[in-house]
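The structure appears below as structure tokens.
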Amino acid sequence: MQFSAIEIGLLLNGTVEGNPQAIVNQLAKIEEAKAGSLSFLANPKYEQYLYTTQASVVIVNNDLVLTEPVNATLVRVENAYSAFSILLEKYNTIKLNKTGIEQPSFIHPSAQLGSNVYIGAFSYVGPNVKIGDNSKIYPNTYLADNVTIGNNTTLFPAVKVYFDCIIGNNVIIHSGTIIGSDGFGFAPNTDGTYTKVAQIGNVVIEDDVEIGSNTTIDRATMGSTIISKGVKLDNLIQIAHNVEIGPNTVVAAQTGISGSSKIGENVIIGGQAGVVGHISIAKGSQIQAQSGIGRSITEEGKKWAGSPAVPYANNMRSQVVINRLPELEKKINELEKLIAELRNISI
Amino acid sequence: MQFSAIEIGLLLNGTVEGNPQAIVNQLAKIEEAKAGSLSFLANPKYEQYLYTTQASVVIVNNDLVLTEPVNATLVRVENAYSAFSILLEKYNTIKLNKTGIEQPSFIHPSAQLGSNVYIGAFSYVGPNVKIGDNSKIYPNTYLADNVTIGNNTTLFPAVKVYFDCIIGNNVIIHSGTIIGSDGFGFAPNTDGTYTKVAQIGNVVIEDDVEIGSNTTIDRATMGSTIISKGVKLDNLIQIAHNVEIGPNTVVAAQTGISGSSKIGENVIIGGQAGVVGHISIAKGSQIQAQSGIGRSITEEGKKWAGSPAVPYANNMRSQVVINRLPELEKKINELEKLIAELRNISI
Amino acid sequence: MQFSAIEIGLLLNGTVEGNPQAIVNQLAKIEEAKAGSLSFLANPKYEQYLYTTQASVVIVNNDLVLTEPVNATLVRVENAYSAFSILLEKYNTIKLNKTGIEQPSFIHPSAQLGSNVYIGAFSYVGPNVKIGDNSKIYPNTYLADNVTIGNNTTLFPAVKVYFDCIIGNNVIIHSGTIIGSDGFGFAPNTDGTYTKVAQIGNVVIEDDVEIGSNTTIDRATMGSTIISKGVKLDNLIQIAHNVEIGPNTVVAAQTGISGSSKIGENVIIGGQAGVVGHISIAKGSQIQAQSGIGRSITEEGKKWAGSPAVPYANNMRSQVVINRLPELEKKINELEKLIAELRNISI
């Protein structure tokens with residue numbers, strides 16, 4: 001995909017200064033751009049880069065006054081930053097604007113497809129699946145019996161959705177993520193073996209959720225595992241059975257939430273954190289990366305750190321002393337000796 | 001899939017009280033059930049919910065005496081709990097009772113398929129693969145050359161099994177799990193680069209094992225990585241080359257076991273724990289979540305926690321003091337001053 | 001696949017002693033070998049096993065002098081260890097020597113395939129994809145628009161590569177790994193919701209890189225996420241947007257590197273470690289498993305441990321004291337009492 005400076009000028013309603021035939025085929029930061037790149041200058045702090053950049057085309061503000069000669073073709077617009085954002089959006093839309101049904105794919109006769117959908121090759125759309133309008137199902141994706149997908153939702157390649165799960169509107173799920181596999185439920189027997197507990201619930205993913213790659217969300221034993229509206233989950237996250245995550249909560253990569261725990265709304269959880277099962281975390285909590293949350297957090301809007309986690313400030317203070325522990329122990333031993341001497345004297 | 005109250009009554013050999021045409025299409029807990037749900041009441045403690053539940057049909061014990069009017073249709077049976085369990089099993093069996101070979105799929109002419117198998121669309125069954133009776137290979141699954149799958153085994157969509165690996169009977173492996181990828185073995189060269197060490201062993205998964213989603217189990221460098229009979233592994237677990245996991249051991253999500261370590265039987269390992277390479281963990285050990293096991297555990301049946309892990313009780317005691325460290329340091333500084341004063345006096 | 005002793009002798013330019021028709025169909029360590037195995041004896045320390053091994057054929061050094069009778073057929077060569085390594089390589093090459101295009105597969109007419117490539121069934125090769133000579137794309141793999149794959153590169157089943165990503169020569173990527181999914185970038189809004197930040201960069205994987213199973217590498221927001229020449233990544237690793245990993249760096253399983261961090265060359269990072277965003281780690285650093293790196297490491301070649309990480313030796317010393325904290329606290333309390341007594345006396 002490539003554009004000329006003149007095309008960009010027309011698209012952004014801007015004025016071209018320099019070679020209107022200059023061609024770009026990628027986007028780059030002004031300080032890193034190579035020939036063939038399109039870049040922008042919005043912040044005056046970076047003006048110096050404009051005179052040395054290798055970019056072929058740079059979007060700049062109308063009111064920019066040049067103080068040195070420029071090699072790049074300029075496209076002048078009212079607001080360079082927002083013009084560039086518009087271009088980003090367009091670029092992504094063109095890149096990802098797949099429609100139609102590729103062959104071979106497997107679409108059960110009982111499935112219902114909305115208008116303007118994309119079904120990639122090697123995708124499997126099972127019995128009674130419903131897919132809403134403008135949704136995109138990339139190749140190698142699997143939708144089991146009775147799965148429902150809303151409108152304007154994108155499932156990237158190899159997403160797997162087990163039976164009965166429900167996915168809302170404007171949802172994005174990245175490659176390799178598994179929705180609705182069995183919860184980890186086993187009843188111990190007296191001989192040391194385990195009997196599987198049937199997992200017959202489902203997963204419900206509400207509108208405006210984005211989920212990263214290779215994340216796993218288990219179905220509920222009974223009822224639903226719920227990812228509420230606006231939640232953002234990163235890559236390689238584990239969400240166990242019957243977990244509920246509140247609206248607009250953000251969870252970074254490799255974190256794990258154990259069975260039946262309830263995370264409130266607008267919580268922020270760092271990477272590689274762990275939450276034990278059957279607890280709740282209050283609205284607005286902030287959990288540092290690598291923390292281990294071992295009990296419910298009932299106070300809203302506080303910061304937590306450590307494993308087991310304590311209030312963030314306490315953790316910081318303890319960490320400082322931990323690094324001084326060897327000296328501290330030495331000091332205690334010296335005090336012990338001094339006291340022994342003093343006792344000898346005073347007795 | 002839906003059932004009427006009368007069908008449920010016939011299936012469970014029970015008596016219907018109320019509208020025999022009441023229709024249910026999902027299972028739910030009695031306190032959460034909505035219209036169209038089937039529920040059950042076994043524990044008298046929850047009897048109150050029977051009078052307020054939205055469930056359309058509730059399975060109850062024969063000897064239950066109603067104390068208020070009930071909206072739901074009742075199905076009376078000898079034992080409501082076990083009747084409901086039977087129904088759960090049937091429900092799951094119906095849901096998952098796929099058979100036959102879907103097209104398109106890739107089945108090498110030299111592969112041997114047992115009777116009553118399911119091979120989902122877009123599955124790849126390579127040369128000399130053997131699949132036992134009643135086994136189910138869901139769509140987008142890959143079985144490389146010489147893979148052997150036992151009887152009554154289920155591989156959910158997109159399980160990938162590398163060449164020569166062996167999977168037993170009654171095994172369940174969830175979506176996206178990788179069996180038999182190369183162990184992480186590289187020999188360092190003097191110039192800072194690494195040379196790959198060929199990984200020519202395999203993975204052996206014995207009978208009655210269940211493995212979650214997106215877990216990875218590497219093949220042995222030579223010999224076998226072994227997951228013994230009855231082991232249960234959760235999602236996103238890493239099992240390195242030449243690891244051996246003993247019978248009926250249970251491992252929670254996101255735990256990693258490094259190369260050549262041997263985990264005993266009936267061990268329980270919490271989530272996000274790590275085990276270094278070339279050690280062994282005694283039978284019946286219990287490892288807390290987020291622990292780091294840095295050396296062999298030889299005593300059987302003990303509880304461990306922390307990173308590096310120590311006996312559970314010791315870890316608990318140290319954690320308590322860690323949270324008091326700042327006060328403790330202050331106290332030591334005060335003692336230091338007091339001693340200095342005392343020495344001034346006594347000298 | 002099977003060989004006779006005489007074939008092995010010819011292949012390795014060795015001398016056969018014993019039954020030249022002895023057949024082997026697997027490789028095994030001499031102390032674990034069963035009938036039908038090929039093994040080798042290089043280290044004289046293990047000579048004892050030669051007289052008891054079940055192996056059918058054993059490769060030994062020319063100068064080995066037998067002190068007892070041997071059941072196995074021997075193949076004598078100049079250097080048994082390197083001869084066995086040659087055989088390993090050949091074995092793996094034969095196992096993995098797939099070529100040709102399997103059907104059904106999806107190959108866009110604009111894609112360019114090099115000579116001698118393998119495209120497995122159910123693989124998706126999108127518009128403008130370029131695949132170099134001798135490269136192998138295993139089944140169920142997805143290459144989006146404009147992806148470039150070099151020569152002699154192997155993508156195992158179900159690798160997914162998003163648009164515009166570039167993969168070099170002699171690269172190996174194991175099953176289920178995702179290259180180029182969106183970075184985790186969201187701008188907070190005043191109402192608590194988030195707006196997605198378009199991720200328009202790509203991922204560049206240089207030559208001689210090996211990546212394990214189910215690892216995720218996110219595309220840059222703008223520019224490139226870079227995995228440099230010779231890097232080795234294990235399974236289930238998270239590499240966030242705009243990360244750069246220097247040449248010959250090795251990262252063990254389940255580690256996570258947050259956005260925009262730069263890891264130097266020849267760094268070694270243990271399993272389950274975490275690196276926060278926007279920092280750099282100096283060349284030759286060694287990071288212990290489960291560490292948490294919270295700030296830049298500027299000194300080269302040092303060892304680090306703990307979360308937050310400190311120099312390895314300091315961490316070891318603090319850990320020792322942590323385990324003694326309860327006693328230490330007791331001692332402090334006793335000292336406190338003694339001092340109180342002393343003060344009573346001296347006042």
Between F122(A) and F106(C), which heavy-atom pair has the shortest distance, and what is it?
CZ-N, 3.5 Å
What is the distance from atom CG of L342(C) to atom CZ of R343(A), rounded to the nearest 0.5 Å?
6.5 Å
Compute whether any side-chain donor of one residue and acceptor of the other, for T216(C) and S213(A), lie under 3.5 angstrom apart.
no
Below 4.0 angstrom, N of the basic side chain to O of the carboxylate: do D208(A) and K196(C) qualify?
no
Proximity breakdown for P104(A) and chain C, heavy-atom pairs closer than 4.5 Å:
side chain
For chain A, find which of P308(C), G294(C), G223(C), S224(C) contributes the most heavy-atom pairs closer than 4.5 angstrom.
P308(C)
To the nearest 0.5 Å, atom CD1 of I339(A) lies from atom CD of E341(C) at 10.5 Å
Interface check, chain C: of A121(A), S307(A), G212(A), G306(A), most non-hydrogen pairs under 4.5 Å belong to A121(A)
So for N266(A), is it side chain, backbone, both, or neither that comes closer than 4.5 Å to the heavy atoms of chain C?
side chain
Is N314(C) close to N323(A) at the side-chain level, that is, under 4.5 Å between some pair of heavy atoms?
no
My understanding is that only residues two or more places apart in sequence, or in another chain, count here; which of them pass side chain to side chain contact (heavy atoms under 4.5 Å, CB included) with K303(A)?
Q286(A), Q288(A), Y312(A)
Flag the one option from P157(A), A252(A), S37(A), A305(A) with the top tally of heavy-atom pairs under 4.5 Å to chain C.
P157(A)
Between N214(A) and G176(C), is there a donor-acceptor pair closer than 3.5 Å when you use the side chain of the first and the backbone of the second?
yes
Proximal component of A28(A), with respect to chain C [non-hydrogen, under 4.5 Å]:
backbone
Whatever's closer than 4.5 Å to a heavy atom in chain A on A158(C) counts as neither
Between Y194(C) and E210(A), do the side chains contain a donor N or O and an acceptor N or O under 3.5 Å apart?
no
Structural part of D234(A) lying under 4.5 Å from a heavy atom of chain C
both
Can you confirm whether T141(C) sits close enough to N140(A) that some side-chain heavy atom of one is under 4.5 Å from a side-chain heavy atom of the other?
no
If you count every heavy atom of other residues, nucleotides or ligands that lies below 6.0 Å from K130(C) atom NZ, does the total exceed 12?
no
Take a 6.0 Å sphere around CZ of F186(C) and say whether it holds more than 12 heavy atoms from other residues, nucleotides or ligands.
yes
When K229(A), R324(A), K29(A), K232(A) are compared by non-hydrogen pairs under 4.5 Å with chain C, the top option:
K232(A)
What part of E336(A) lies closer than 4.5 angstrom to a heavy atom of chain C: side chain, backbone, both or neither?
both
Under the salt bridge (charged side-chain N to carboxylate O under 4.0 Å, His left out) definition, can you give me all pairs with a residue in residues 251-263 of chain C, not counting sequence neighbours?
E244(C)-K262(C)
Top residue by heavy-atom pair count (under 4.5 Å) with chain C, among L335(A), I172(A), L233(A), N333(A)?
L233(A)
Atom group of L328(A) that falls short of 4.5 Å from chain C, counting heavy atoms
neither
Main-chain N/O of L236(A) paired to Q238(C) side chain as donor or acceptor, under 3.5 Å:
no
Answer with yes or no after comparing the ring centroid distance for F156(A) and Y162(C) against a 6.0 Å cut-off, counting only values under it.
yes
Backbone N/O of S291(C) and side chain of Q290(A): donor-acceptor pair under 3.5 Å:
yes
Contacting moiety of I268(A), where chain C heavy atoms sit under 4.5 Å
side chain
Taking atom types as modelled, find out whether D218(C) and N235(A) have a side-chain donor-acceptor pair closer than 3.5 angstrom.
yes
Looking at Q272(A) and A273(C), what are the two nearest heavy atoms and their distance?
NE2-O, 2.9 Å
Go through the atoms of E102(A) and report whether side chain, backbone, both or neither lie under 4.5 Å from a heavy atom of chain C.
side chain
Shortest non-hydrogen contact between Q254(A) and T255(C), atoms and distance
NE2-O, 3.3 Å
Need one label for S123(C): side chain, backbone, both or neither, based on atoms under 4.5 Å from any heavy atom in chain A.
backbone
Closest non-hydrogen atom pair between M222(C) and L27(A), with its separation
CG-O, 4.1 Å
Distance in Å, Q319(C) CD paired with I322(A) CD1, rounded so as to fall on 0.5 Å steps
8.0 Å
Which bit of L325(C) is near chain A, if near means a heavy-atom gap under 4.5 Å: side chain, backbone, both or neither?
side chain
Interchain contact, P139(C) with chain A, by part (heavy-atom threshold 4.5 Å)
neither
Would the distance check show the side chain of E329(A) and the main-chain N or O of V321(C) forming a donor-acceptor pair, the cut-off being under 3.5 Å?
no
Which atoms form the tightest heavy-atom contact between V251(A) and F184(C), and what is the distance?
O-CZ, 3.4 Å
